[in-house]
Amino acid sequence: MTRHLLRLLQLLIILLVIPGDMFGGALPYAESSIDYEVFRREAPRQSLEQLVRHAWEAIQEERYDAAAAYYSVAASRYDPSLSKRDIRRCALASVNMGYIWLAWRMNAAEAYPWLMKAQQIATTHGLRDVESAVISNLGQIYFDYNNIPKANALVREAFERVMADHDDHYYGRALIDYATVALHDGGRTIPDSLVTCMSAYQLPADAPLAEYAPCMAEALRLLRSGSPLEGARILQNATPLLRLDSDSQRYSVQHYLCVGLLWMAGSDFKRAATALAEGVAIAREMEYFNLVEKGYGYLEECTRHTGSPSEVERYHREVLQIRDSLFNASRFEAVKDLQIADRLASLNRSVREATARAESQRRRIWISSGVALLFAVVIIWIYVKHRRLREAYREIYKRNMELSEHPLLVIDSHDAAPTPLPGGEVSSDSGESPLESAAPSEDEEDAAARRQLMHRVRTLMEEKREIFDPDFSIERMARLLDTREKILSQTINRATGKNFSTLLCEYRIREACRLLADPEVMLHTTMEGVAERVGYRSRTYFSTVFKSVIGLTPSQFVRQAREAARHSERK
């Protein structure tokens, strides 16, 4: 209790120092990496130069909570009247806050507002390198959520801007970022003209990755010329040249992923799996779960050629687990909502500025035009919102039908024992980042027993019709599984993060989705009948639960199912 009170007190101190109306809000800092008493006393008196310097020092020491504290204060001081250098520091503080949220928190919804604030400052004051950093981070968001074409376009744009501006300090990092995304599909989208440019690019000897970058460029050139295996050898031999003063572990992971993808492009899946396993091991140790997810996806493909079906299934299960917990559709929808809001805000600003200029010239004429324009915008906005609402309903229906085909009950990674990977054992990280909370160690036998129990629970939930009995309860499940109710409840809660009632509700609603989407069933069954078949005596209560889980009412879901069926028939 004392420890929790101490954490709460320290968080309140930070909230008093950092303005609450800033874009990202306050990070949940870890108390072990920053002296908050000193920070609270000194931060308001420090200059922007001092704040940014302290933040950079914290990043080099991998104290990202401390860096975020300094960057958030620096970003809050932005004012257009500041000097060019201080405006640049504010823009860098905002973009680095976005990067911290994205790279170490895997939270795109929190990163996006910081990136948009940095982009607004950079666009207003012509800070092209900051704009390039924002574009690269936006590309990483799309890459995390597997929108590869969009991610590829953004990181390529960022890389081309870095080359055009001769930004030697970031050239090597931008090249690795672009290669990581471009190699996802075997490098087929890399234009030959870009390969020529990067091969001819000359880095000063003192620039970061001055020795490594030409090796990466040569590897990509060989890939495009039809010699991926030779490119893989060159890049693998360049591993000792990958030296950075910050974020070195992350770029090491990306390097191993690129090596593995080059081996895969040459169909040498055994060497590819070895390189990928090295990258995944580092990513798991550093808790870069977005890169772990990509690495497991590539390892799944490799093991289809070299491994056993059980290995393929294991990697596939790991990928699904990370996507479900960190990069699911609902989180991506939040990012898209922020993008829509940002575009609307930009449009409103343009309308207000145009109206202000018009009033200074011809008030009467331009007021009439402004009203007409506003009316047109409202009509277009209503039309667009209506279309987007219909598209959102279709997307919700589609995603829920996809989810209904996958098991809901997945053991949480914090509850499962560490999984051995090719190339070494994964152990708990004794020196993990202060921003990430460490999972408690458990007795191996207890963990094995819990996983076995969860397997039995999953089997029962997926195969037994008893769960659709309105009177089905955790006591009844405990009897069926021959275990105690308390043990069963605790095991479900720890493995899924949900209680028994929530889990049961989700299984019932998924079954309801399958029934409602079946036109043959709905020809002979009423909504009350569907509710009774999945364990609900009241249609009203069933509709309420269905809407809270799916996002649509049962009637709306049936309409979407009919539209989908008509669309399939037309095809």
Side-chain angles (χ1 to χ4, degrees), residues 19-25 75-76 78-82 84 87-88 90-91 94-95 97-98 108-128 130-139 141-142 145 147 149-151 153-154 157-158 161 329-396 551-552 556 559-560 563:
D21 59 347
M22 292 190 308
F23 279 74
S76 70
Y78 167 71
D79 188 282
S81 63
L82 292 173
K84 183 79 171 183
I87 287 174
R88 177 181 176 79
C90 292
S94 295
V95 77
M97 279 295 292
E110 291 289 350
Y112 185 81
W114 286 104
L115 296 175
M116 290 302 97
K117 181 176 181 179
Q119 186 178 58
Q120 180 183 351
I121 298 173
T123 303
T124 302
H125 301 281
L127 305 175
R128 280 182 56 86
V130 177
E131 286 182 321
S132 300
V134 171
I135 294 169
S136 179
N137 279 281
L138 292 175
I141 291 175
Y142 283 99
Y145 287 92
N147 188 336
K150 182 73 172 178
L154 288 169
E157 179 184 354
R161 288 168 67 106
S330 62
R331 285 198 173 197
F332 193 38
E333 288 299 325
V335 176
K336 291 195 286 187
D337 289 343
L338 289 171
Q339 291 176 322
I340 293 170
D342 184 66
R343 287 197 294 269
L344 290 176
S346 177
L347 176 62
N348 288 332
R349 286 194 301 271
S350 300
V351 170
R352 287 195 298 270
E353 291 171 0
T355 302
R357 289 193 301 266
E359 287 179 351
S360 64
Q361 300 173 9
R362 290 186 175 183
R363 184 177 297 273
R364 292 181 181 179
I365 296 176
W366 284 102
I367 285 179
S368 301
S369 300
V371 171
L373 177 62
L374 182 61
F375 180 75
V377 169
V378 169
I379 295 298
I380 294 172
W381 182 82
I382 293 173
Y383 174 75
V384 170
K385 292 295 287 186
H386 178 68
R387 289 290 301 273
R388 286 176 179 165
L389 181 61
R390 293 182 60 185
E391 291 172 1
Y393 282 168
R394 284 196 291 271
E395 184 69 15
I396 291 172
L552 301 173
Q556 290 171 336
R559 283 197 294 271
Q560 292 302 317
E563 286 187 13

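The first residue in the sequence is number 1, and the count goes up from there.
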**Asked** How close do V130 and A118 get, heavy atom to heavy atom, and via which atoms?
**Response** CG1-O, 4.1 Å

**Asked** Can you list the residues that meet the side chain to side chain contact (heavy atoms under 4.5 Å, CB included) rule with L82, with sequence neighbours excluded?
**Response** L48, D79, D86, I87, C90

**Asked** Considering all heavy atoms of both residues, which atom of V95 and which atom of A133 are nearest to each other, and what is their separation?
**Response** CG2-CB, 3.9 Å

**Asked** Of the non-hydrogen atoms in G98 and L115, which two are nearest, and what is the gap between them?
**Response** CA-CD2, 4.1 Å

**Prompt:** Where is the tightest heavy-atom contact between A122 and E131, given as atom of each residue plus distance?
**Reply:** CB-CG, 3.5 Å

**Prompt:** Quick one: side chain to side chain contact (heavy atoms under 4.5 Å, CB included) partners of T124, sequence neighbours excluded?
**Reply:** Q120

**Message:** Using every non-hydrogen atom in the two residues, find where K117 and S94 come nearest and quote the distance to one decimal.
**Reply:** CD-OG, 3.7 Å

**Request:** Check R161 against R128 and note the closest heavy-atom contact, atom names and distance.
**Result:** NH2-O, 3.7 Å

**Message:** Please check this pair: side chain of S136 against backbone of S132, looking for a donor-acceptor N/O pair closer than 3.5 Å.
**Reply:** no

**Request:** Look up atom CE in M116 and atom CG in L138, then write down how far apart they are to the nearest 0.5 Å.
**Result:** 4.5 Å

**Request:** Please assess L127 against K84 for the test side-chain contact (heavy atoms from CB on, under 4.5 Å), listing each intermediate value before the final yes or no.
**Result:** CA-CA 10 Å; L127 305 175; K84 183 79 171 183; 4.0 Å; yes

